[in-house]
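Values below: all heavy atoms of this structure, side chains included; hydrogens, waters and symmetry mates excluded. Each ligand, and each atom within it, is numbered from 1 in the order the structure gives. Position 1 is the first residue of the sequence, and the numbers go up from there.
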Amino acid sequence: MNDTLSAQAVGALHTVSLRCVECATLYPAIENSALPRYRCDCGGVLDVEMNIAQPVETASISQPDGAQWRQLFDERASTPPIWSISDERMLLDQSGVWRYRELILPAPEEDIVSRPEGNTSLYPVGMENCGPGRPGHRRIGLYADLEQLFLKHEGENPTGSFKDRGMTVGVTMARIIGAQAVACASTGNTSASLASYAAQAGMRAIVFLPAGNVAAGKLAQSLAYGATTIQINGDFDEAMKLVEQVCGELGIYLLNSLNPFRIEGQKGIGFEIMQQLDWQTPDWIVLPAGNLGNISAIGKAFRQACELSLISHMPRFAAIQAAGANPFYRSFKQCFAQREQVHAQTIATAIKIGNPVSYTRARRVIEESNGVVEEVTDEEILAAKAVIDRAGIGCEPASAATLAGIRKLVAQRTIRRDERVVGVLTGNLLKDSQTGIPPYQQQTLVEANIDAVRKVLFAQ
Ligand code: F0G
């Protein structure tokens with residue numbers, strides 16, 4: 001693949017390296033071997049490291065670094081939210097990932113593959129911070145028993161999940177190294193996103209799915225976007241192992257969150273939350289946890305933002321797992337003495353994962369933020385999903401683990417009622433239009449006349 005590397009790409013990436021999260025060995029971002037590297041020689045996963053320069057566009061202003069960064073990002077965010085594909089700079093500023101490009105990846109602009117993504121809503125839904133015009137939304141705050149609650153709806157991304165944030169960076173890297181084909185194992189959202197971005201970039205997409213365990217909406221997306229869709233007779237963890245082997249042997253670019261550049265893109269969720277809160281750190285960030293890429297990414301964003309003085313301190317993180325797919329919770333309960341694995345079982349298929357790849361990255365976030373890991377049952381997930389759905393916001397089951405977890409953590413007083421909490425909703429309601437939705441039989445069929453309607457509406 002490297003034969004096609006442009007001098008510009010090599011130049012741009014010379015400040016980027018990859019560090020093993022287990023043994024700290026350092027590798028260049030692009031090596032001279034034929035195949036990209038996803039793991040250290042010791043087997044550990046890798047983390048992107050780069051030298052972050054002063055913000056160029058505001059370098060003349062004499063302010064502390066953090067203020068310069070905030071000014072730069074605020075200026076970019078204030079451009080009108082309509083973009084033309086003929087104006088690449090505008091497109092980048094309006095992506096909720098590339099707006100922060102100096103902190104994401106110094107990619108040549110012409111290589112960037114963006115829809116654009118991000119710019120998702122941060123709904124204030126707490127008992128105190130929900131406006132009076134939205135009593136429906138406020139019910140979520142009542143359910144959580146929280147005064148200051150925000151929901152960051154990542155289901156509003158182009159393909160309906162947070163995965164687009166990582167995929168724009170992953171597919172951009174694929175383009176930079178000249179990959180012809182990209183692949184992933186997925187519980188459905190990564191595959192939908194990969195298929196979309198690969199189609200845009202004119203690459204072949206190959207996705208490996210655990211047969212019978214992917215919600216219909218997600219499967220439809222990968223088929224519609226034209227991905228070669230391979231159902232595996234096995235679970236996600238087996239599909240993950242297989243895709244790593246396939247990519248290694250067949251020279252296909254791997255785009256699971258094992259790929260550290262995916263993590264860099266997902267940091268955009270964290271930066272965008274900070275910006276939407278006017279660079280004030282919330283007390284808590286709460287999110288569902290499966291393969292543990294997302295908590296690793298958002299945690300890294302906050303860590304870097306502290307280092308650059310964009311914000312003053314880290315929030316605490318709470319990772320929520322389904323009780324039947326809870327290896328990270330089990331490890332947390334024993335102070336991470338041992339890395340646990342389970343045979344995963346939950347109705348929230350997106351997080352039905354028993355052996356998460358980003359364990360070490362995620363553990364660091366929990367430890368450094370004085371965070372917690374909690375588990376919630378499928379019943380608790382469905383009850384929380386019904387609350388989010390009935391409020392008119394809606395989300396897929398895995399996302400509802402966030403609210404179920406918040407409610408549990410508030411009830412046990414780990415989160416105080418007056419703390420400021422941001423919960424991440426990771427996927428769109430339409431992804432899974434079966435689980436937890438009232439049965440279709442509950443719809444009412446009537447004759448097309450007002451008497452029939454009156455009978456239905458006012459029947460005792
Ligand atoms: N929520 C949703 C909707 C997801 O699709 C996923 C992961 C998660 C939460 C968990 O995030 O893995 O970073 O801890 N979905 C992956 C996929 C596994 O293949 O779409 P994580």
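A ring-centre distance under 6.0 Å is not found for Phe236 and Phe208.
With a 4.0 Å cut-off on non-hydrogen atoms, Leu287 does not touch ligand 1 at all. The parts of Ser186 lying near ligand 1 are both backbone and side chain, judged by heavy-atom distances below 4.0 Å. Only the backbone of Leu292 comes within 4.0 Å of ligand 1, judged by heavy-atom distances.
The shortest separation from a heavy atom of Ile353 to ligand 1 is under 4.0 Å, placing the residue in contact. Within the structure, ligand 1 has Ala289 among the residues with a heavy atom less than 4.0 angstrom away.
Taking atom 13 (O) of ligand 1 as the reference point, the nearest protein heavy-atom neighbour is Asn294 N, 2.8 Å. Of the protein's non-hydrogen atoms, Phe162 CZ, 3.5 Å is the one closest to atom 11 (O) of ligand 1. Closest to atom 4 (C) of ligand 1 among all protein heavy atoms lies Ala350 CB, 3.5 Å. Nearest protein heavy-atom neighbour of atom 12 (O) of ligand 1: Asn291 N, 2.8 Å. Atom 1 (N) of ligand 1 has Thr426 OG1, 2.7 Å as its closest protein atom, hydrogens excluded (heavy atom only). In this structure, atom 8 (C) of ligand 1 lies nearest to the protein heavy atom Ile351 CG2, 3.6 Å. Looking only at heavy atoms of the protein, atom 15 (N) of ligand 1 is closest to Lys163 NZ, 3.1 Å. Nearest non-hydrogen protein atom to atom 5 (O) of ligand 1 is Asn189 ND2, 2.8 Å.
By the 4.5 Å heavy-atom criterion applied to side chains, Arg361 and Pro260 are counted as neighbours.
Tyr253 and Asn259 share a side-chain donor-acceptor pair at under 3.5 Å. Judged purely by distance below 3.5 Å, without hydrogens or angles, the side chains of Glu154 and Thr120 pair a donor atom with an acceptor atom. For the residue pair Ser193/Asp164, the side-chain donor-acceptor check at 3.5 Å is satisfied.
Note on ring orientation: taking the six-membered ring where Trp is involved, the planes of Phe328 and Phe336 are tilted (angle from 30° to 60°). Ring geometry, Phe73 versus Tyr100: the interplanar angle exceeds 60°, so the pair is classed perpendicular (tilted spans 30 to 60°).
Under a 4.0 Å N-O distance rule, the pair Lys300/Asp47 qualifies as a salt bridge.
With ligand atoms numbered from 1 in the order given, ligand 1 contributes 13 (O), 14 (O), 21 (P) to contacts under 4.0 Å with heavy atoms of Gly293. Every atom of ligand 1 with a heavy atom of Thr187 under 4.0 Å away is listed here by number and element: 15 (N), 16 (C), 17 (C), 18 (C), 19 (O), 20 (O). Shown in contact with Thr190 at under 4.0 Å from a heavy atom are these atoms of ligand 1, numbered in order with element: 16 (C), 17 (C), 19 (O), 20 (O).
Residue Val214 comes nearest to Leu219 through the heavy atom pair CG1-N, 4.0 Å, listed as atom of the first residue, atom of the second, then distance. When every heavy atom of Ile295 is checked against every heavy atom of Ala319, the shortest pair comes out as CD1-CB, 3.7 Å. His153 and Asn428 get closest at one heavy-atom pair: CE1-CA, 4.4 Å.
Close N/O approach between Gly290 and ligand 1 is found [any backbone or side-chain N/O within under 3.5 Å].
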